[in-house]
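Data block below; observations after.
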Amino acid sequence: MLEVYHGTTKEIAQKILRENFKIIHKEVTNDLGNGVYTYCPDEENIWDPQNNARRYAIQYKNGKTQVLEVTISVSSDVYYIDLDDEEFKQKWNQIRASLEQRANEIWKKYRMSTPVIKCWKTPI
């Protein structure tokens, strides 16, 4: 079992508590793809995962924020990303390249056919 923290708005936190987490598959995803993003303690206890989840929510969510403590069982059917693991770092490079390629494909799909007008600030 692993205790992790998820930062979000109070409204979404209440919805999660009522209905559990629901992963919505979107064409344009979050940083690492569709999923639930959490913070967990590091082995050396250098950083506070609860505080990091709170800071994330304050910076990226609109409205009042709340941090949920979530217990997950670490098993073969739960996929989690450990950014400190050397094996994962190699996998991450592959995942990142795949996400970059996908982002470029989406960009081409939605790119405007007319030129973009750039506005320049006039120096004072």
Side-chain angles (χ1 to χ4, degrees):
M1 302 298 252
L2 181 63
E3 299 294 324
V4 297
Y5 299 90
H6 177 75
T8 189
T9 64
K10 285 193 177 208
E11 179 183 337
I12 297 297
Q14 295 306 312
K15 186 173 182 178
I16 291 169
L17 292 172
R18 282 191 315 271
E19 303 173 17
N20 210 344
F21 286 99
K22 292 185 180 177
I23 298 173
I24 300 168
H25 295 277
K26 302 178 279 186
E27 185 174 24
V28 179
T29 65
N30 293 327
D31 297 333
L32 301 174
N34 294 309
V36 176
Y37 291 74
T38 61
Y39 291 86
C40 64
D42 62 311
E43 292 176 5
E44 293 85 22
N45 284 326
I46 294 173
W47 67 330
D48 178 358
Q50 188 172 9
N51 187 45
N52 285 333
R54 184 179 333 285
R55 287 177 30 215
Y56 167 83
I58 289 168
Q59 180 153 354
Y60 295 106
K61 303 295 180 178
N62 294 323
K64 294 187 178 193
T65 61
Q66 185 170 345
V67 174
L68 297 175
E69 182 179 43
V70 181
T71 303
I72 59 172
S73 67
V74 180
S75 64
S76 60
D77 61 335
V78 174
Y79 182 74
Y80 68 97
I81 298 172
D82 181 352
L83 297 174
D84 295 321
D85 180 68
E86 288 301 320
E87 184 179 335
F88 176 77
K89 287 178 186 177
Q90 292 174 2
K91 268 188 195 176
W92 167 243
N93 285 327
Q94 295 170 341
I95 292 168
R96 186 178 52 80
S98 173
L99 289 173
E100 185 177 344
Q101 179 182 358
R102 186 163 175 238
N104 285 329
E105 289 169 5
I106 291 169
W107 170 250
K108 287 176 189 173
K109 183 177 175 182
Y110 291 103
R111 188 174 10 195
M112 295 171 31
S113 58
T114 57
V116 176
I117 300 171
K118 292 186 178 184
C119 297
W120 301 94
K121 281 189 174 180
T122 306
I124 298 176

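Summarising the local packing, CG of N62 is surrounded by 12 or fewer heavy atoms from other residues, nucleotides or ligands at distances under 6.0 Å.
Closest approach of Q66 and A13 over heavy atoms only: OE1-CB, 3.7 Å. Taking every heavy atom of both residues into account, P41 and P49 meet most closely at N-CG, 3.6 Å. Listed here is the closest heavy atom pair of A57 and G7: CB-C, 3.7 Å.
Partners of T9 by side-chain contact (heavy atoms from CB on, under 4.5 Å), not counting sequence neighbours, listed by chain and number: E11, I12, K61. Listed by chain and residue number, nothing satisfies the side-chain contact (heavy atoms from CB on, under 4.5 Å) test with Q59 (two or more places apart in sequence, or in another chain). In this view, K10 satisfies the salt bridge (Lys or Arg N to Asp or Glu O under 4.0 Å) rule with no residue, not counting sequence neighbours. Remark: K15 engages R18, E19 in a side-chain contact (heavy atoms from CB on, under 4.5 Å) (not counting sequence neighbours). With sequence neighbours excluded, no residue satisfies side-chain contact (heavy atoms from CB on, under 4.5 Å) with Q90.
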Show your reasoning for whether side chain to side chain contact (heavy atoms under 4.5 Å, CB included) applies to L17 and Q14. CA-CA 5 Å; L17 292 172; Q14 295 306 312; 4.2 Å; yes
In sequence, state the C-alpha distance, the side-chain angles, and the governing distance for Q50 and E69, and then conclude on side chain to side chain contact (heavy atoms under 4.5 Å, CB included). CA-CA 8 Å; Q50 188 172 9; E69 182 179 43; over 6 Å; no
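Listed by chain and number, the hydrophobic cluster partners of W47 are Y39, Y56, Y60, where partners are ILVMFWY side chains within reach of under 4.5 Å, directly or through others.
Linking Ile, Leu, Val, Met, Phe, Trp and Tyr residues whenever their side-chain heavy atoms come within less than 4.5 Å leaves I58 and V67 in two separate clusters. The cluster map of Ile, Leu, Val, Met, Phe, Trp and Tyr, joined by side-chain heavy atoms under 4.5 Å apart, puts V70 and Y5 in different clusters.
No hydrogens or angles considered: nothing links the side chains of R54 and N51 as a donor-acceptor pair under 3.5 Å.
Rounding to the nearest 0.5 Å gives a distance of 10.0 Å between CZ of F21 and CD1 of I72.
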